[in-house]
> 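Input: one structure, supplied below.
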Amino acid sequence: MKDVQVDVLIIGAGPSGCVAAAYLKKQGVNVKVIEKSVFPRFVIGESLLPRCMDHFEEVDLLDCLIAQNFEVKTGARFIKGDTICEFDFGEKYTEGYDWTWQAPRADFDYALTEELKRKGVDIAFKQEVISVEFNKDGSSQTTVKADNDETFEVHAKFIIDSSGYGRVLPRLLNLDKPSTIPEHSSIFSHVQELERPAGTEGTFITFDVLDTDTWFWVIPFSNGNTSIGFVGKTDFINSFEGTPEERLSEMLKESSYYYERFKDVDFLFEPKIIQNYSKSVTQLYGKGYALTGNSAEFLDPVFSSGVTFATESGLKAAKLITKELQNESVDWEKEYAEFMKKGVSVFASYVKEWYTGNLQTIFFEGTDNPDIKRQICAVLAGYVWDETNPFVKNHDRLIKTVANIIHLNKRASKD
Ligand code: FAD
C-alpha cells in the first residue's frame with residue numbers, strides 16, 4: 001500500500017475520533033482516520049450524558065443519531081434497598097440539553113462512522129497503528145498494518161490518539177500512570193427481554209446499589225435488548241467461580257430488585273470482564289499529538305462520563321489543532337490540559353465520594369433539598385465546567401460537608 005501525507009491522523013473511530021474528524025473535515029483540514037476493527041463492533045459505554053449532545057450538534061453528527069431512534073434518557077435512577085433516588089435532567093442547575101440516549105454502542109458508533117463517510121472523511125477500517133515516530137518539529141511517521149499484513153506509512157503534522165482501550169500513544173511513549181480512583185472491575189452482557197415491564201419501569205436506566213463498592217447497572221435499549229452489568233472491587237468480582245455466564249448468573253442473585261426480571265434471560269454474548277478499568281496518563285499532549293477519550297483517562301462507569309469526556313476532548317483537540325494549522329498560537333497546557341483536567345477532577349471527586357459512601361449518603365438520605373439536587377443533577381448531566389454551580393466549584397469539599405451535615409442531623413434527631 002502507498003504511503004500517505006495528511007495534516008491530521010486520528011487513531012480510532014470511537015466517539016472521540018468521530019467528533020474530532022467531523023470538526024476537522026468541516027474546517028477543511030486534510031484528515032485521515034485509521035481504525036483497527038470492522039464496524040459495527042462491540043464496545044461498552046452505553047449510557048450517555050446530555051453534555052455530549054452539544055458536541056454532536058456542533059459537528060453536525062446529531063441528526064444521524066436522532067435517525068436511529070435510540071432509547072431516550074431523561075435522567076437516572078439509583079436504588080439502595082427500599083430507597084430510590086431519581087434525577088431528572090429537566091431539573092438541573094445549568095442550562096443545556098436535558099436528554100440524551102442509552103444506546104448499544106455498536107449501532108451508535110456505526111451510525112457516526114457511516115455519517116463521516118457520507119461527509120467524505122477518509123476513514124479506513126481493519127488497519128492498525130503499530131508504531132509512531134516523531135520528528136523534532138512534531139510531525140510524525142506512523143506505521144499502519146493493513147488486514148493483508150502489508151504495512152504503509154502515514155506522514156502527519158498532528159496525531160489525535162483516540163484509540164480508547166487500545167491506548168496507542170500511552171503505550172508507545174510510556175505515558176501510563178496509575179489512576180487515583182480505587183480499583184474496581186466489571187462483568188457485563190446484553191440480554192433480550194421478551195417481557196419487559198411496562199412504562200418507565202421497563203426503560204429507565206437504573207443503578208442498583210448493593211453495597212458501598214458494588215452496584216448493578218440496567219440499561220434498556222429501544223431494540224428490546226438490555227445491557228446489564230456489575231461493578232465491584234476486583235476481589236469481589238473474582239470471588240465468583242465458573243464460566244462468565246455462571247458468574248454473572250450467580251451475581252444476579254445479589255440484586256433483590258432485579259433478580260426476578262433477569263433470572264431466566266439468556267445472555268446475547270458471553271459476559272465480558274474488564275479488570276481494574278481506571279486509567280490515567282502522565283501528560284495529555286506533546287509536540288505533534290494529543291490524547292483524547294479513553295486513551296487519555298478513564299475514571300469509572302458509575303456516572304457514565306466516559307463518552308462525554310471522549311467527545312469533549314476530541315472536539316477540543318480538533319479545535320486547537322485547527323488553530324495551530326492556521327498559524328495561530330495555542331497554549332496546549334492551559335487550553336487543553338488544564339481545561340480537560342478541570343472537568344475530569346470534578347467527576348473524579350464524585351467517583352471517589354461515591355466509593356467513600358458520602359455521595360450515597362446524599363443520594364439516599366438527603367436529596368430532599370431541591371437546590372442541592374438541581375446542582376448535583378447538572379454535574380450528572382456532564383455540565384462540569386460551570387463554575388457558578390457550587391457543586392462544581394467546590395466539588396472537593398462540598399460533598400463531604402453535606403454528607404457530614406446529614407450524619408450530624410441524623411444523630412441529633414436520634415438523641
Ligand atoms: P473507544 O470507543 O474505545 O474507541 C476507540 C477505537 O480505537 C476502537 O474502535 C478501537 O478499535 C480503535 N483502536 C484501538 N487501537 C487501535 C490501533 N492500534 N489502531 C487503530 N485503531 C485502534 N462510558 C459512558 O459514557 N457511559 C457508560 O455507561 C459507560 N460504561 C462503561 C462501563 C465499563 C465497565 C467501562 C470499563 C467503561 C464504560 N464507559 C462508559 C466508558 C466508555 O467505554 C469509554 O469512555 C468510551 O468508549 C471512550 O470512547 P473513545 O472514543 O475514547 O474510545
Side-chain angles (χ1 to χ4, degrees), residues 9-21 32-52 55 73 76 100-106 108-110 112-113 123-132 142-147 154 159-172 179 181 184-189 205 207 215-219 227-232 237 271-279 291-315 317 344 347 382:
L9 168 66
I10 297 180
I11 310 173
S16 196
C18 284
V19 165
K32 181 172 181 68
V33 184
I34 296 281
E35 164 57 54
K36 84 170 177 195
S37 320
V38 183
F39 278 31
R41 58 89 176 88
F42 177 87
V43 67
I44 196 65
E46 300 141 334
S47 149
L48 309 183
L49 301 184
R51 170 70 182 159
C52 73
H55 309 137
K73 173 183 168 189
T100 182
W101 290 291
Q102 43 210 53
R105 284 283 303 284
F108 190 87
D109 293 14
Y110 183 60
L112 291 174
T113 52
I123 173 165
F125 295 92
K126 277 179 125 176
Q127 299 196 347
E128 182 179 359
V129 168
I130 52 173
S131 71
V132 182
T142 295
T143 308
V144 179
K145 189 170 80 166
D147 63 331
V154 180
I159 295 178
I160 295 182
D161 180 9
S162 311
S163 59
Y165 304 105
R167 304 177 65 73
V168 171
L169 289 185
R171 270 190 299 107
L172 294 176
S179 170
I181 302 293
H184 286 84
S185 296
S186 180
I187 178 167
F188 50 85
S189 187
I205 177 170
F207 301 83
W215 52 276
F216 174 57
W217 80 66
V218 175
I219 306 177
S227 171
I228 59 172
F230 282 87
V231 167
I237 299 289
K272 295 176 190 289
I273 299 167
I274 303 187
Q275 306 248 23
N276 303 326
Y277 45 65
S278 305
K279 301 281 176 233
L291 309 180
T292 71
N294 261 37
S295 175
E297 174 104 32
F298 179 62
L299 297 170
D300 193 277
V302 68
F303 299 122
S304 309
S305 58
V307 170
T308 294
F309 278 128
T311 51
E312 186 89 43
S313 54
L315 183 55
V344 169
F347 264 114

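Note that ligands are numbered from 1 as they come in the structure, with each ligand's atoms numbered from 1 the same way.
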> If you measure from atom 44 (C) of ligand 1 to every heavy atom of Asn294, Ile11, Ile187, Asp300, which option wins on shortest distance?
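That would be Asn294.
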> Would you mind telling me if ligand 1 is within reach of the side chain of Phe39, the backbone, both or neither, using heavy atoms under 4.0 Å?
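The answer is the side chain of Phe39.
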> Hey, which atoms in ligand 1 end up nearer than 4.0 Å to a heavy atom of Ser16?
51 (O), 52 (O)
> For atom 21 (N) of ligand 1, what is the closest protein heavy atom, and at what distance to 0.1 Å?
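Going by distance alone, atom 21 (N) of ligand 1 is nearest to Lys36 N, 3.1 Å.
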> Does the N or O separation between Thr292 and ligand 1 drop below 3.5 Å for any pair?
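The answer is no, given that Thr292 and ligand 1 share no N or O pair closer than 3.5 Å.
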> Could you tell me whether Arg41 approaches ligand 1 through its side chain, its backbone, both or neither, with non-hydrogen atoms closer than 4.0 Å?
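For Arg41, only side-chain atoms sit under 4.0 Å from ligand 1.
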> In Å, rounded to the nearest 0.5 Å, how long is the span from CZ of Arg105 to CG of Leu48?
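Between atom CZ of Arg105 and atom CG of Leu48 there are 7.5 Å.
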> Tell me, please: is Gln102 in heavy-atom contact with ligand 1, that is, under 4.0 Å?
no
> Would you please name every residue forming a ring pair (Phe, Tyr, Trp, His ring centres under 6.0 Å) with His184, sequence neighbours left out?
Tyr355
> Rounded at 0.5 Å granularity, tell me how far NZ in Lys126 sits from CD in Glu35.
12.0 Å
> Give yes or no for whether the N/O distance cutoff of 3.5 Å, strictly under, is met between Thr308 and ligand 1.
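For ligand 1, there is no N or O atom that lies under 3.5 Å from one belonging to Thr308.
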> Heavy-atom contacts with Gly293 under 4.0 Å: which atoms of ligand 1 show up? List them by number with element.
52 (O)
> Under the side chain to side chain contact (heavy atoms under 4.5 Å, CB included) criterion, do Asn294 and Phe309 qualify, and how do the steps go?
CA-CA 8 Å; Asn294 261 37; Phe309 278 128; over 6 Å; no
> What's the spacing between Ile219 CD1 and Lys73 NZ if we round to 0.5 Å?
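Answer for the CD1-NZ pair, Ile219 versus Lys73, is 7.5 Å.
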> What about Val307: any of its N or O atoms under 3.5 Å from an N or O on ligand 1?
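There is such a contact, yes.
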> Contact between ligand 1 and Arg105 is defined here as a heavy atom of the residue under 4.0 Å from a ligand atom; is it met?
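Per 4.0 Å heavy-atom rule, Arg105 contacts ligand 1.
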> Just jot down the ligand 1 atoms closer than 4.0 angstrom to any heavy atom of Gly166, in number order.
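In order of numbering, the contacting atoms are 14 (C), 15 (N).
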> Please write down residue, atom name and distance for the protein heavy atom closest to atom 12 (C) of ligand 1.
Glu35 OE1, 3.3 Å
> Of all heavy-atom pairs between Ser304 and Phe207, which one has the smallest distance, and what is that distance?
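Between these two residues, the closest heavy atoms are OG-CZ, 4.0 Å.
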> How does Pro15 reach ligand 1, if at all, at less than 4.0 Å between non-hydrogen atoms: by side chain, backbone, both, or neither?
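For Pro15, backbone and side-chain atoms both sit under 4.0 Å from ligand 1.
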> Looking at atom 19 (N) of ligand 1, what's its closest protein heavy atom, distance included?
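Minimum-distance protein heavy atom for atom 19 (N) of ligand 1 reads Val129 N, 3.0 Å.
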> With rounding to the nearest 0.5 Å, note down the distance linking CD1 in Ile237 to CG in Asn276.
10.5 Å
> Judging by distance only, is a nitrogen or oxygen of Tyr277 under 3.5 angstrom from one on ligand 1?
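Looking only at distances, the answer is no, because the N/O contact criterion of under 3.5 Å is not met.
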> For atom 40 (C) of ligand 1, what is the nearest protein heavy atom, given as residue, atom name and distance?
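So the nearest neighbour among protein heavy atoms is Gly45 CA, 3.2 Å.
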> Considering only heavy atoms of Ser162, which atoms of ligand 1 have at least one such atom less than 4.0 Å away?
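Ligand 1 atoms under the 4.0 Å threshold to Ser162: 5 (C), 6 (C), 7 (O).
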> Looking at Ser295 and Leu291, would you say the former's side chain and the latter's main chain have a donor-acceptor pair under 3.5 Å?
no
> Among all protein heavy atoms in this structure, tell me which lies nearest to atom 49 (O) of ligand 1, with the distance rounded to 0.1 Å.
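I find the closest protein heavy atom is Ala310 CB, 3.7 Å.
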> Main chain of Val168, side chain of Ser163: is a donor-acceptor contact present, judged purely on distance under 3.5 Å?
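Yes; at least one donor-acceptor contact below 3.5 Å.
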> Give me the nearest non-hydrogen protein atom to atom 3 (O) of ligand 1 as residue plus atom name, then the distance to 0.1 Å.
Gly164 CA, 3.7 Å
> Which is it for Ser47 and ligand 1 at heavy atoms under 4.0 Å: side chain, backbone, both or neither?
both
> Would you kindly specify which portion of Cys18 sits under 4.0 Å from ligand 1, judged on non-hydrogen atoms: side chain, backbone, both or neither?
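Neither part.
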> Could you check whether any heavy atom of Leu48 sits closer than 4.0 Å to an atom of ligand 1, since that is the contact criterion I want to use?
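No, Leu48 has no heavy atom closer than 4.0 Å to ligand 1.
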> Which heavy atom of the protein is the closest neighbour of atom 7 (O) of ligand 1, given with residue, atom name and distance?
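For atom 7 (O) of ligand 1, the nearest protein heavy atom is Gly12 CA, 3.2 Å.
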> Regarding atom 43 (O) of ligand 1: of the candidates Ile34, Val33, Ile44, which has the closest heavy atom?
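That would be Ile44.
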> Tell me whether Phe309 reaches ligand 1 (any heavy atom closer than 4.0 angstrom to a ligand atom).
no
> So which heavy atom on Thr311 is nearest to which on Thr308, and how close?
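Looks like OG1-O, 3.1 Å.
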> How close do Val33 and Gly12 get, heavy atom to heavy atom, and via which atoms?
CG1-O, 3.9 Å
> Considering non-hydrogen atoms only, spot the tightest contact between Ile123 and Ala13 and give its length.
CD1-CB, 3.9 Å
> What atoms of ligand 1 come within less than 4.0 Å of a heavy atom belonging to Gln127?
20 (C)
> Atom 38 (C) of ligand 1: which protein heavy atom is closest, and how many Å away?
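Of every protein heavy atom, Phe298 CZ, 3.6 Å lies nearest to atom 38 (C) of ligand 1.
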> Quick one: does Ser186's side chain have a donor or acceptor within less than 3.5 Å of a partner on Phe230's backbone?
yes
> Say you draw a straight line from NZ of Lys279 to CZ of Arg167; how long is it, rounded to the nearest 0.5 Å?
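Reported value, rounded in 0.5 Å steps: 6.5 Å.
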> To the nearest 0.5 Å, tell me how far Ser16 OG sits from Ile11 CD1.
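Here the rounded value is 11.5 Å.
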> On a heavy-atom basis, which atom in Ser162 and which in Ile10 lie closest, and how many Å separate them?
OG-CG2, 3.9 Å
> Relative to ligand 1, is Leu49 under 4.0 angstrom through side chain, backbone, both or neither, heavy atoms considered?
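For Leu49, there is no contact with ligand 1 at all, from either part.
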